[in-house]
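Here is the structure we will look at, set down as structure tokens.
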Amino acid sequence: MERGFAIYEMPVGWMRVEHENGNITRLGKIADEPEDKGSRTALTDVVDRQLREYFDGKRKEFDFPYEMKGTVFQKSVWRALCAIPYGETRSYKDIAVAVGNAKASRAVGMANNKNPIAIVVPCHRVIGADGKLVGYASRLEMKEALLKLEAENK
């Protein structure tokens with residue numbers, strides 16, 4: 001089994017890219033510059049290039065291979081997140097309705113929090129029913145920055 005990670009510096013900070021058997025399995029922001037930046041591969045370099053294009057406002061969709069590991073419910077939520085168009089938002093309730101359980105807003109929030117492929121699976125596009133930014137594993141400042149970037153480049 002081939003697996004590893006690489007860490008890249010992005011406009012929003014350091015991003016860790018984990019891969020296994022030719023698929024990205026985790027992509028997320030980390031707090032500080034790490035001593036061990038892992039080993040870059042052709043696949044992690046593709047992720048780096050596509051993320052940079054996204055941050056430059058030139059990319060709206062990603063096409064590298066990734067594998068989402070989670071429960072059936074989590075995967076249904078993550079698929080619903082992928083259906084939110086670039087530059088748009090949905091409420092937690094909207095996602096709950098989309099996955100067939102209008103009363104599951106809290107569970108949607110928990111699944112959002114467990115999203116292993118940040119930015120690509122756009123959990124940052126989910127907001128409170130009142131339109132306010134709430135809950136984001138990589139801090140609300142990053143969520144706000146991603147939504148602003150998308151609004152400016154829509």
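- The backbone N or O of V121 lies less than 3.5 Å from a partner atom in the side chain of N115, making a donor-acceptor pair.
- Within a 6.0 Å radius of CG in D130, other residues, nucleotides and ligands contribute more than 12 heavy atoms.
- Using a distance-only test at 3.5 Å, with no hydrogens or angles considered, no donor-acceptor pair links the side chain of K60 to the main chain of Y54.
- In this structure N23 satisfies the side-chain contact (heavy atoms from CB on, under 4.5 Å) test together with P65, E67, sequence neighbours excluded.
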Where do E150 and E88 land on the side chain to side chain contact (heavy atoms under 4.5 Å, CB included) test, with the steps shown first? CA-CA 8 Å; E150 291 184 8; E88 294 185 20; over 6 Å; no
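- Seen from the ring of F5, R16 counts as a face-on cation partner, given the 6.0 Å and 45° thresholds.
- The existence of a salt bridge linking R52 and D56 is excluded, since no basic side-chain nitrogen approaches an acidic carboxylate oxygen closer than 4.0 Å.
- Atoms CG and CD, from L43 and E2 in turn, are 8.0 Å apart once rounded to the nearest 0.5 Å.
- Between the side chain of Q74 and the backbone N or O of T71, at least one donor-acceptor pair lies under 3.5 Å.
- Under 3.5 Å, the side chains of E144 and H124 contain no donor-acceptor pair of N or O atoms.
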Pair R49-D45, salt bridge (Lys or Arg N to Asp or Glu O under 4.0 Å): steps then yes or no: CA-CA 6 Å; R49 178 179 51 77; D45 283 347; over 6 Å; no
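- No more than 12 heavy atoms of other residues, nucleotides or ligands lie within 6.0 Å of CD in E61, so this atom counts as exposed by the packing criterion.
- For the pair W78 (side chain) and K114 (backbone), a donor-acceptor distance under 3.5 Å is absent.
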